[in-house]
Asker: 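Quick one: the structure is below, questions incoming.
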Number of protein chains: 2
Amino acid sequence: MNEKKYHHGNLKQCLIEAGIELLNGEGETHFSLRKVAAICAVSNAAPYSHFKNKEELLEAMKNYVTEQFTEQLNNAIKGENMEQPNTIIKMGKSYIMFFINHPQYFQFLFSQPCIRVNLNMNDEGKGNFPPFELLKELHFRVLKKYGFSDEKIKDAIISSWATVHGLAAIATMEGVIYDGIWENKIEDIISNKEEN
Amino acid sequence: MNEKKYHHGNLKQCLIEAGIELLNGEGETHFSLRKVAAICAVSNAAPYSHFKNKEELLEAMKNYVTEQFTEQLNNAIKGENMEQPNTIIKMGKSYIMFFINHPQYFQFLFSQPCIRVNLNMNDEGKGNFPPFELLKELHFRVLKKYGFSDEKIKDAIISSWATVHGLAAIATMEGVIYDGIWENKIEDIISNKEEN
DNA sequence: AAATTAATCTTGACACTGTAAAGATATAAT
DNA sequence: ATTATATCTTTACAGTGTCAAGATTAATTT
């Protein structure tokens with residue numbers, strides 16, 4: 001049983017998951033298409049039936065990780081009051097925690113031009129980086145309730161995003177002597193940030 | 001005149017500068033040791049007399065860029081009152097502007113473990129990432145004047161750093177629809193951030 | 001000044017990489 | 001059953017990082 005068949009059957013998905021496995025194991029530097037193919041027990045050129053090139057596989061992997069990321073952000077505010085500032089804090093904390101728990105993913109996700117962002121609340125936001133879109137919509141719902149102008153809300157979105165993104169960047173840097181207390185500190189900092 | 005001599009004479013520095021030139025031209029993806037060697041009109045293996053491997057050249061290049069970065073931060077606060085909050089804002093703005101003017105450098109500088117950071121005001125800070133050390137010391141000088149505790153100051157440093165670093169990250173992402181108004185917005189956001 | 005040592009550069013080689021072309025095999029459609 | 005399509009393999013090539021051996025020059029010692 002389990003003989004090696006000529007056709008893999010589920011190679012595309014296998015390549016994506018094996019790619020992420022390899023990424024977490026060896027880091028992006030030692031990542032290679034041929035290694036991914038080897039993990040899937042398939043020839044060097046097999047991936048080219050599913051992806052135009054290496055870059056396309058990496059993009060698919062990024063989308064895969066982005067979905068996990070988005071799911072976690074959604075879970076973080078599940079059941080919360082969508083018009084309460086505290087919900088923004090919850091999401092912000094979840095944003096940072098995702099990368100503290102998966103430090104490799106930070107560099108990986110934000111190391112190319114695949115992040116699209118539009119602050120307007122119309123169809124232009126459709127192609128947005130999903131985690132950003134979540135942040136954006138939540139800010140609009142909360143801050144509209146508090147009578148903020150659209151322009152003020154947009155500023156707040158950028159400000160919040162910059163804060164959590166910056167904290168995630170710092171938290172995932174090696175050598176930063178702020179370990180352990182991150183979880184508490186982050187809550188303090190974000191809370192303080194959002195209260196004005 | 002200008003015959004090709006066997007010994008280059010200044011190869012190490014030439015490799016660093018050619019490396020940065022190549023980085024700005026083709027991006028980190030298409031960067032290669034052999035291309036750098038070619039720019040310096042030298043054989044493939046010549047760089048190995050000056051750098052243990054490719055990674056070491058990249059580190060030297062990062063140090064080179066970090067020096068430019070540090071110099072700009074220093075210039076931004078030259079002659080300013082070192083105990084005024086506005087000086088922090090000036091430096092923060094300069095932090096972001098450096099990467100708006102050199103978008104390639106953001107990914108490049110922060111894409112490896114070379115960033116060391118220690119919040120304590122003693123010798124442990126000696127090995128710190130110089131731009132961070134500048135931010136840190138400025139915060140201590142300003143906030144001490146205002147009677148902040150060391151612990152509060154450390155929080156403020158992380159908070160400020162996260163904000164400017166996050167804004168730099170966002171500003172250097174392609175596709176962000178916030179162009180042009182960055183310079184004004186940034187001043188607003190940073191000012192607002194530092195005033196509490 | 002001559003001889004020796006050390007630093008710097010070249011040549012040639014190897015294993016590994018991304019990718020393309022041509023062909024093999026299995027699946028789907030007719 | 002035949003054809004067409006999708007998927008995979010084999011082979012090949014140019015580009016890469018890196019090493020070892022040797023060539024050339026500069027620095028040091030005598």
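In the text below, chain A, chain B and the rest are named by the order of the sequence lines, each starting its count at 1. Reckoned from all heavy atoms, side chains included, excluding hydrogens, waters and symmetry mates.
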Asker: Between the main-chain N or O of B/Ser159 and the side-chain N or O of B/Thr163, is there a donor-acceptor pair closer than 3.5 Å?
Answerer: yes

Asker: What's the CD-C1' distance between B/Glu28 and D/dT16, to the nearest Å?
Answerer: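 In whole Å, D/dT16 C1' lies 16 Å from B/Glu28 CD.
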
Asker: Can you sort out which residues in residues 45-58 of chain B have a heavy atom within less than 4.0 Å of DNA chain C? Ascending by number, please.
Answerer: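 Contacting residues: B/Ala45, B/Ala46, B/Ser49, B/His50.
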
Asker: With sequence neighbours excluded, give me every salt bridge (charged side-chain N to carboxylate O under 4.0 Å, His left out) pair touching residues 29-53 of chain A.
Answerer: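 Residue pairs passing salt bridge (charged side-chain N to carboxylate O under 4.0 Å, His left out), neighbours aside: A/Glu26-A/Lys35.
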
Asker: Under the rule for salt bridge (Lys or Arg N to Asp or Glu O under 4.0 Å), what residues qualify as partners of B/Glu137, not counting sequence neighbours?
Answerer: none

Asker: Mind checking A/Ser43 for me? I need base, sugar-phosphate or nothing, with any heavy atom below 4.0 Å counting as a touch.
Answerer: base

Asker: So which protein N/O to nucleotides 26-28 of chain D N/O distances come out below 3.5 Å?
Answerer:
none

Asker: Who passes side-chain contact (heavy atoms from CB on, under 4.5 Å) against B/Arg141, sequence neighbours left out?
Answerer: B/Met82

Asker: Applying side-chain contact (heavy atoms from CB on, under 4.5 Å), can you list everything that pairs with B/Ala46, at least two apart in sequence or on another chain?
Answerer: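 side-chain contact (heavy atoms from CB on, under 4.5 Å) check on B/Ala46 returns B/Leu11, B/Val42, B/Ser43.
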
Asker: With a 4.0 Å heavy-atom cut-off, tell me which residues in residues 8-24 of chain B come close to DNA chain C, sorted by residue number.
Answerer: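 Contacts with DNA chain C under 4.0 Å: B/His8, B/Gly9, B/Leu11.
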
Asker: Please collect all salt bridge (charged side-chain N to carboxylate O under 4.0 Å, His left out) contacts where either partner lies in residues 12-23 of chain A, sequence neighbours excluded, each pair once.
Answerer: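 Every candidate salt bridge (charged side-chain N to carboxylate O under 4.0 Å, His left out) pair involving residues 12-23 of chain A fails, so no pair, neighbours aside, qualifies.
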
Asker: Report the residues that fulfil side-chain contact (heavy atoms from CB on, under 4.5 Å) with A/Thr70, sequence neighbours left out, ordered by chain and then residue number.
Answerer: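 If we apply the side-chain contact (heavy atoms from CB on, under 4.5 Å) test to A/Thr70, skipping adjacent residues, the hits are A/Thr66, A/Asn74, A/Pro130, A/Pro131, A/Leu134.
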
Asker: Below 30° counts as parallel, above 60° as perpendicular, anything between as tilted: where do the rings of B/Phe129 and B/Phe110 land?
Answerer: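 Correct class here is perpendicular.
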
Asker: Taking side-chain contact (heavy atoms from CB on, under 4.5 Å) as the test, write out the residues that go with A/Ser149, two or more places apart.
Answerer: A/Glu151, A/Lys152

Asker: D/dA20 P sits how many Å from B/Asn44 CG, rounded?
Answerer: 17 Å

Asker: What range of DNA chain C does chain A touch, first nucleotide to last, counting atoms under 4.0 Å from its heavy atoms?
Answerer: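 Result: C/dT17 to C/dA26.
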
Asker: Extract all donor-acceptor atom pairs below 3.5 Å that involve side chains of residues 96-108 of chain A and protein atoms in other chains or at least two apart in sequence.
Answerer:
from, atom 1, to, atom 2, distance (Å)
A/Asn101, ND2, A/Met97, O, 3.2
A/Tyr105, OH, A/Asn24, ND2, 3.2

Asker: Using side chain to side chain contact (heavy atoms under 4.5 Å, CB included) as the criterion, point out the one residue from A/His139, A/His165, A/Lys136, A/Met91 that pairs with A/Ser160.
Answerer: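 So, applying the side chain to side chain contact (heavy atoms under 4.5 Å, CB included) to A/Ser160 and each of A/His139, A/His165, A/Lys136, A/Met91, only A/His139 qualifies.
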
Asker: Given the rule in the side chain to side chain contact (heavy atoms under 4.5 Å, CB included) test, do A/Met121 and A/Asp150 qualify, once you have shown the distances and angles that lead to the verdict?
Answerer: CA-CA 9 Å; A/Met121 276 301 272; A/Asp150 279 19; over 6 Å; no

Asker: Using only heavy-atom distances, determine whether the side chains of A/Lys126 and A/Asn118 contain a donor-acceptor pair under 3.5 Å.
Answerer: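 Distance-only check fails for A/Lys126 and A/Asn118.
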
